[in-house]
Amino acid sequence: MPRLAKVPTPPPAGYLWTPEAARRMGVSVKTLWNYRHLNKGPRPKVRGRKLAYRIDEIDAWLKEQDAAEDAAKKQAVHDARPPEPRTTRRPARAAA
(Lines give C-alpha, C1' and ligand atoms only; values in the text may rest on other atoms or scores of the structure.)
Protein backbone atom coordinates (compact mmCIF):
# COMPACT_ATOMS: atom_id res chain seq x y z
CA MET A 1 0.00 0.00 0.00
CA PRO A 2 1.54 3.38 -0.97
CA ARG A 3 2.23 5.90 1.72
CA LEU A 4 0.71 9.33 1.61
CA ALA A 5 3.12 12.19 1.01
CA LYS A 6 3.89 14.14 4.16
CA VAL A 7 2.92 17.67 3.26
CA PRO A 8 3.45 20.11 6.11
CA THR A 9 0.28 21.77 7.22
CA PRO A 10 0.28 25.52 6.68
CA PRO A 11 0.12 27.69 9.80
CA PRO A 12 -3.10 29.51 10.65
CA ALA A 13 -3.56 32.93 9.06
CA GLY A 14 -1.34 35.52 10.74
CA TYR A 15 0.88 32.91 12.41
CA LEU A 16 4.24 31.24 11.72
CA TRP A 17 5.49 27.86 12.86
CA THR A 18 8.58 27.81 15.08
CA PRO A 19 11.28 27.43 12.34
CA GLU A 20 9.86 30.29 10.26
CA ALA A 21 9.46 32.46 13.37
CA ALA A 22 13.08 31.81 14.34
CA ARG A 23 14.26 32.78 10.85
CA ARG A 24 12.19 35.96 10.93
CA MET A 25 13.59 36.89 14.34
CA GLY A 26 17.17 36.06 13.37
CA VAL A 27 17.68 33.47 16.12
CA SER A 28 17.97 29.71 16.17
CA VAL A 29 15.08 27.40 16.98
CA LYS A 30 16.88 26.40 20.19
CA THR A 31 17.09 30.05 21.23
CA LEU A 32 13.39 30.45 20.56
CA TRP A 33 12.68 27.42 22.76
CA ASN A 34 14.89 28.90 25.48
CA TYR A 35 13.04 32.23 25.21
CA ARG A 36 9.77 30.35 25.67
CA HIS A 37 10.95 28.73 28.90
CA LEU A 38 12.47 31.98 30.19
CA ASN A 39 9.26 33.92 29.41
CA LYS A 40 11.10 36.15 26.94
CA GLY A 41 10.15 37.09 23.42
CA PRO A 42 6.75 36.69 21.76
CA ARG A 43 4.42 34.18 23.36
CA PRO A 44 3.62 31.10 21.24
CA LYS A 45 0.19 29.56 20.88
CA VAL A 46 -0.27 25.81 20.78
CA ARG A 47 -1.95 24.73 17.55
CA GLY A 48 -2.43 20.99 17.57
CA ARG A 49 0.98 19.60 18.51
CA LYS A 50 2.94 22.58 17.18
CA LEU A 51 3.78 26.05 18.40
CA ALA A 52 2.67 29.00 16.31
CA TYR A 53 3.90 32.55 16.74
CA ARG A 54 1.78 35.54 15.82
CA ILE A 55 3.46 37.66 13.14
CA ASP A 56 2.27 40.90 14.77
CA GLU A 57 3.84 39.89 18.10
CA ILE A 58 7.12 38.94 16.40
CA ASP A 59 7.31 42.31 14.65
CA ALA A 60 6.43 44.18 17.86
CA TRP A 61 9.13 42.26 19.76
CA LEU A 62 11.71 43.05 17.07
CA LYS A 63 10.83 46.77 17.23
CA GLU A 64 11.15 46.66 21.02
CA GLN A 65 14.60 45.04 20.71
CA ASP A 66 15.71 47.67 18.19
CA ALA A 67 14.53 50.48 20.47
CA ALA A 68 16.35 48.97 23.46
CA GLU A 69 19.53 48.59 21.39
CA ASP A 70 19.34 52.21 20.21
CA ALA A 71 18.81 53.42 23.78
CA ALA A 72 21.81 51.38 24.96
CA LYS A 73 24.00 52.89 22.22
CA LYS A 74 22.92 56.41 23.14
CA GLN A 75 23.65 55.72 26.80
CA ALA A 76 27.06 54.28 25.94
CA VAL A 77 27.95 57.40 23.94
CA HIS A 78 26.78 59.58 26.81
CA ASP A 79 28.76 57.61 29.38
CA ALA A 80 31.94 57.63 27.32
CA ARG A 81 35.02 58.91 29.07
CA PRO A 82 36.39 62.17 27.66
CA PRO A 83 39.81 61.98 26.02
CA GLU A 84 42.77 62.62 28.24
CA PRO A 85 45.07 65.54 27.45
CA ARG A 86 48.02 64.62 25.27
CA THR A 87 51.44 64.73 26.79
CA THR A 88 54.85 64.70 25.18
CA ARG A 89 56.96 61.60 25.40
CA ARG A 90 59.86 63.23 27.19
CA PRO A 91 59.69 66.05 29.62
CA ALA A 92 61.09 69.34 28.39
CA ARG A 93 64.70 70.06 29.32
CA ALA A 94 65.28 72.52 32.00
CA ALA A 95 66.79 75.82 30.83
CA ALA A 96 70.44 76.06 31.72
Heavy-atom closest pair, residues K45 and E57: NZ-OE2, 4.1 Å

Distance-minimising heavy-atom pair for P42 and I58: CG-CG1, 4.1 Å

Flag side-chain contact, heavy atom, 4.5 Å: L16 against R23: no

Transitive ILVMFWY side-chain link V46 to L38, under 4.5 Å: no

Minimum-distance pair of heavy atoms, taken over all atoms of L32 and T18: CD2-O, 3.7 Å

Crowding at NZ, K40 (>12 non-hydrogen neighbours, <6.0 Å): no

Contact check, side chains of R47 and P11, non-hydrogen atoms, under 4.5 Å: no

Flag side-chain contact, heavy atom, 4.5 Å: M25 against Q65: no

Close side-chain approach of R54 and P44, heavy atoms under 4.5 Å: no

Sequence neighbours excluded, every pair satisfying ring pair (Phe, Tyr, Trp, His ring centres under 6.0 Å) that has a member inside residues 11-39: Y35-W61

Check: R24 and D59 side chains under 4.5 Å, non-hydrogen atoms: yes

